[in-house]
Amino acid sequence: MKLYEQYPVSLTNSLSGKKEKFETLAPGFVGMYVCGPTVYNYVHLGNARTFLSFDIISRYLRSLGYKVRYVRNITDVGHLESDADEGEDKIGKKARLEQLEPMEIVKRYTEDFHTVMRHFNILPPSIEPSATGHIVEQINITKKLIELGLAYEVNGSVYFDVKKYNQSNHYGILSGRNIEDLMESGRDLDSQDEKREKIDFALWKKASPQHIMQWPSPWGEGFPGWHIECTVMSTKYLGETFDIHGGGMDLKFPHHECEIAQATGANGKSPVRYWIHSNMLTVNGQKMSKSLGNSFLPSELFSGSHPLLTRGYSPMTVRFFMLQSHYSSTLDFSNEALNAAEKGFKKLNNALTLIKSLEHPRKTSTINSEFEKNLPGQIDKCFQNMSDDFNTAKTLAVLFEMASQINIWTSQKESLAQVNEETFENYKSTYISMMEEVLGLKEEANHNNDLLDGAVNVLIGLRKKARTDKNFALSDKIRDDLKGIGIQLKDGKDGEMSYEIEK
RNA sequence: GGUUCCGUGGCCGAGUGGCUAGGCUGAGCUCUGCAAAAGCUCCUACAGCGGUUCGAAUCCGCUCGGAACCUCCA
């Protein structure tokens, strides 16, 4: 029996707004597409949260035994600055400002994005396609939509005919809108506008002569519209219908709505079975965003070099902080919350270090029936909680219980003999894999400098000697002086000593 | 204005009809030569009002407060 059969996954489908049982199109396989970053700037912490959420989802599905193809794109062209006539490509604009080639910008921010992902221990996707690498496909689907009568050309640009599409489909199915409301609200078309209706959106946009990124097309020199790249890249690598499409909540409308319309229009079938939207990171209750000026970069968070931050926090602390809430809830950022997260993570991290070196004594002793009942139950709960819409918060609660148990075994070694060896091994491997593989909370070493480690161990030796000699004045001096420079010594029950570097 | 969502103890944050969330903080205790770490115990909430129900934080209605989307955004 596969793990995914033992712990069937249910998830909240944005399409229905309800929690649904997850059934894959092909048994044992999952196709998942997530909208990646537009690489025109450094990714901020809010962006990182979304990619973390889907990192967890892909990690967990894999750990259940699914073979996952995870596609996450890089948007290196296309997203228009405005809907106005001389609509400007974000990347092109930035390039002009900085006097750089567009691909230079793309390269720099793509590298930055990858660096940030690595810091947070967010695994790379299976395929990371870029929009500029799929211009031909985007032109082809645009041609197809024109042929089908769902798009029209004006002046070298091509627009999707939403009204026409809506005659046989529902535009707004994902975000709960209807076309009449949409046509009444929002910005009005101005006289310059080429679109027939304001709800229509560009599939291909004519480039002005000074526009830097442009490609030849049947409609002249231009560049692809805002939404078409995702439709092209998702269907190319995952098929016309695939299992999961994810992205930030703010992409639900219009981006994902348009994707549905394009794909359904072109292929005659709904492209996605389960839509998943992750919620925003907020600061003082407001969405973190570049334009609001309340965003900060991961590097600023690690170093603490931002006015909103009182000090720096490690990547794993931040990862843990984010996993304490559900991906579908907003999460409010604050220094206090980060401080609490740091301590919480430290607890789990210590237990992780401890259990790795904890071995079952292999002696038969009186088996404690309480253990035999509780330990497998906790293992079960980890999976059940994760299978319940990837509830990392609930899973962490179980891991805290397990961490306490690990601490007890560590301080009372004899209690370990009351546990069945197989149960223990299972418990151990579950804790380690839940932490490291599923939640991606890798062990943070307390010390990673061999020279320092050696020097501290010399002092530990001296303190041990002083304590055996009952020379507490000296032993305390060693401890207090080390503490003064940020090294905390800890005496174990068995006479062993360990140390920890304080921040 | 339209669409969607939220309001939980000192703080963060799960939970969506009956059953312990959890973390952090605070108080006390145990262990320890003294600390640190660890363990144990305590502080126990669901914005307000009304309704449904044997029973609601959880469902329904209203009120108040907050947010997101409707313009690029993770």
Side-chain angles (χ1 to χ4, degrees), chain A residues 14 17 19 34-38 40-41 43-54 78-84 87-88 90 172 175-178 180-182 184-187 199 226 246-255 257 277-282 285-292 295 320-321 324-326 328-334 336-348 350-351 354 385 388 391-401 403-404 406-408 410-412 467 470 472 475-476 479-480 483 488-493 497-500 502:
Chain A
S14 304
K19 210 183 273 185
V34 172
C35 292
T38 305
Y40 69 103
N41 218 320
V43 285
H44 63 68
L45 197 65
N47 303 121
R49 187 189 181 201
T50 295
F51 302 122
L52 171 62
S53 299
F54 292 101
H79 282 205
L80 294 174
E81 190 81 342
S82 80
D83 200 13
E88 214 170 355
K90 266 188 177 165
S175 52
R177 283 154 221 243
N178 63 64
E180 290 78 18
D181 289 339
L182 289 168
E184 277 168 28
S185 65
R187 211 186 279 163
I199 47 172
W226 328 333
M249 205 72 118
D250 47 359
L251 296 182
K252 204 169 178 182
F253 188 89
H255 185 57
E257 207 66 77
H277 289 96
S278 63
N279 217 135
M280 302 291 106
L281 183 68
T282 60
Q286 270 211 317
K287 174 182 174 180
M288 177 181 282
S289 81
K290 192 96 183 125
S291 50
L292 287 170
S295 68
F320 169 83
F321 163 69
Q324 274 184 301
S325 77
H326 189 81
S328 66
S329 303
T330 55
L331 172 63
D332 200 60
F333 175 90
S334 69
E336 299 72 44
L338 258 297
N339 280 335
E342 187 175 78
K343 291 187 183 170
F345 173 64
K346 196 166 149 189
K347 205 168 185 173
L348 294 181
N350 283 147
L354 290 172
N385 290 336
D388 182 9
N391 199 322
T392 51
K394 276 171 93 173
T395 306
L396 284 172
V398 181
L399 291 178
F400 273 106
E401 285 177 37
S404 287
I406 292 164
N407 284 329
I408 290 170
T410 304
S411 56
Q412 300 166 42
R467 288 190 73 205
K470 297 246 188 282
F472 295 124
S475 69
D476 284 357
R479 185 180 64 199
D480 295 346
K483 168 96 177 157
Q488 173 71 58
L489 290 189
K490 293 189 265 191
D491 299 349
K493 283 254 166 69
M497 283 177 210
S498 61
Y499 72 96
E500 188 173 296
E502 296 175 331

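Throughout, a chain's letter reflects where its sequence line sits, starting with A, and its residues are numbered from 1.
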### Task
Determine the interatomic distance between C1' on G26(B) and the same-named atom on U44(B); round to the nearest Å.
14 Å
Provide the distance between the two C1' atoms, one in A21(B) and one in C46(B), to the nearest whole Å. 13 Å
note: L338(A), atom CG; U25(B), atom C1'; distance rounded to Å ~ 16 Å
- prompt: Between the main-chain N or O of S175(A) and the side-chain N or O of E257(A), is there a donor-acceptor pair closer than 3.5 Å?
  reply: yes
Residues at least two apart in sequence or cross-chain that pass side-chain contact (heavy atoms from CB on, under 4.5 Å) with A48(A), listed by chain then number, are F120(A)
side-chain contact (heavy atoms from CB on, under 4.5 Å) filter on S14(A), not counting sequence neighbours, yields L174(A), K252(A), W275(A), H277(A)
To the nearest angstrom, the CG-C1' distance between D250(A) and U4(B) comes to 14 Å
Sorted by chain and number, sequence neighbours left out, side chain to side chain donor-acceptor pair (under 3.5 Å) with T395(A) holds for none
The side chain to side chain donor-acceptor pair (under 3.5 Å) partners of R49(A) (sequence neighbours excluded) come to S325(A)
With B for base contact, S for sugar-phosphate-only contact and - for none (protein heavy atoms under 4.0 Å), nucleotides 8-18 of chain B reads ----SSSS---
Applying the Watson-Crick and G-U criteria (both distances under 3.5 angstrom) with [ ] for crossing and | for other-strand pairs, one obtains for RNA chain B (((((((..(((.....[...))).(((((.......)))))....(((((..]....))))))))))))....
**Item:** Short side-chain N/O contact to C70(B) OP1/OP2 from K252(A), under 4.0 Å
**Value:** no
Atom CG of L281(A) and atom P of A74(B) are separated, to the nearest Å, by 13 Å
Is the closest basic N to carboxylate O distance between E500(A) and K346(A) below 4.0 Å?
yes
Rounded to whole Å, the CG-P distance (L399(A) to A21(B)) equals 19 Å
Note to self: Between A67(B) and A47(B), how many Å separate the two C1' atoms, rounded to a whole number?
What the structure shows: 15 Å
- Query: Base, sugar-phosphate, or nothing for S175(A), non-hydrogen atoms under 4.0 angstrom?
  - Reply: sugar-phosphate
inquiry  = Give me the distance, rounded to whole Å, that separates C24(B) from U53(B) when you measure between the C1' atoms they each carry.
reply    = 38 Å
*Base, sugar-phosphate alone, or nothing: which one does H44(A) contact when heavy atoms must sit under 4.0 Å apart?*
base
Here the distance between atom P of C69(B) and atom CG of D181(A), to the nearest Å, is 19 Å
Determine the Euclidean distance between corresponding P atoms of G48(B) and G65(B); express it in Å to zero decimal places. 15 Å
Q286(A) CD to C6(B) P, in whole Å, measures 19 Å
With sequence neighbours left out, the residues meeting ring-ring contact (aromatic ring centres under 6.0 Å, His included) with F333(A) are F296(A)
Nearest-angstrom distance, C1' atom, U8(B) to A56(B):
14 Å
| field | Spacing of the C1' atoms in C59(B) and C69(B) (rounded, Å) | value | 27 Å
Base, sugar-phosphate, or nothing: which does G46(A) touch, judged by heavy atoms less than 4.0 Å apart?
base
Sorted by chain and residue number, the side-chain contact (heavy atoms from CB on, under 4.5 Å) partners of N391(A) (sequence neighbours excluded) come out as H326(A), A393(A), K394(A)
Sorted by chain and residue number, the side chain to side chain donor-acceptor pair (under 3.5 Å) partners of Q488(A) (sequence neighbours excluded) come out as K483(A)
Practice task
Provide the distance between the two P atoms, one in C73(B) and one in U58(B), to the nearest whole Å.
Solution key: 37 Å
Sorted by chain and residue number, the side-chain contact (heavy atoms from CB on, under 4.5 Å) partners of S334(A) (sequence neighbours excluded) come out as E336(A), A337(A)
Ring geometry between F320(A) and F400(A) (parallel below 30°, tilted from 30 to 60°, perpendicular above 60°): perpendicular
On RNA chain B, more 5' by nearest nucleotide between F253(A) and S291(A) is F253(A)
ring-ring contact (aromatic ring centres under 6.0 Å, His included) filter on F51(A), not counting sequence neighbours, yields F113(A)
Side chains of T282(A) and D332(A) only: does a donor on one sit below 3.5 Å from an acceptor on the other?
yes
To the nearest angstrom, the CE-C1' distance between M249(A) and C70(B) comes to 15 Å
Give me the distances for all protein-to-nucleotides 30-40 of chain B N/O pairs that come in under 3.5 Å?
unit_1	atom_1	unit_2	atom_2	d
G33(B)	N7	R467(A)	NH2	3.2
G33(B)	O6	R467(A)	NE	3.4
G33(B)	N1	D476(A)	OD1	2.8
G33(B)	N2	D476(A)	OD2	2.6
C34(B)	O2	R479(A)	NH2	2.5
C34(B)	N3	R479(A)	NH1	2.7
C34(B)	N3	R479(A)	NH2	3.3
C34(B)	N4	D491(A)	OD2	3.1
A35(B)	N6	D491(A)	OD2	3.2
A35(B)	N1	D491(A)	N	3.4
A35(B)	N3	R479(A)	NH1	2.9
A36(B)	N1	D491(A)	O	3.1
A38(B)	O3'	N407(A)	ND2	3.2
G39(B)	OP1	S404(A)	OG	3.2
G39(B)	OP1	N407(A)	ND2	3.4

R177(A) atom CZ is separated from U4(B) atom C1', nearest whole Å, by 8 Å
Kindly say whether, by distance alone, the side chain of K287(A) makes a donor-acceptor pair under 3.5 Å with the base of C73(B)? yes
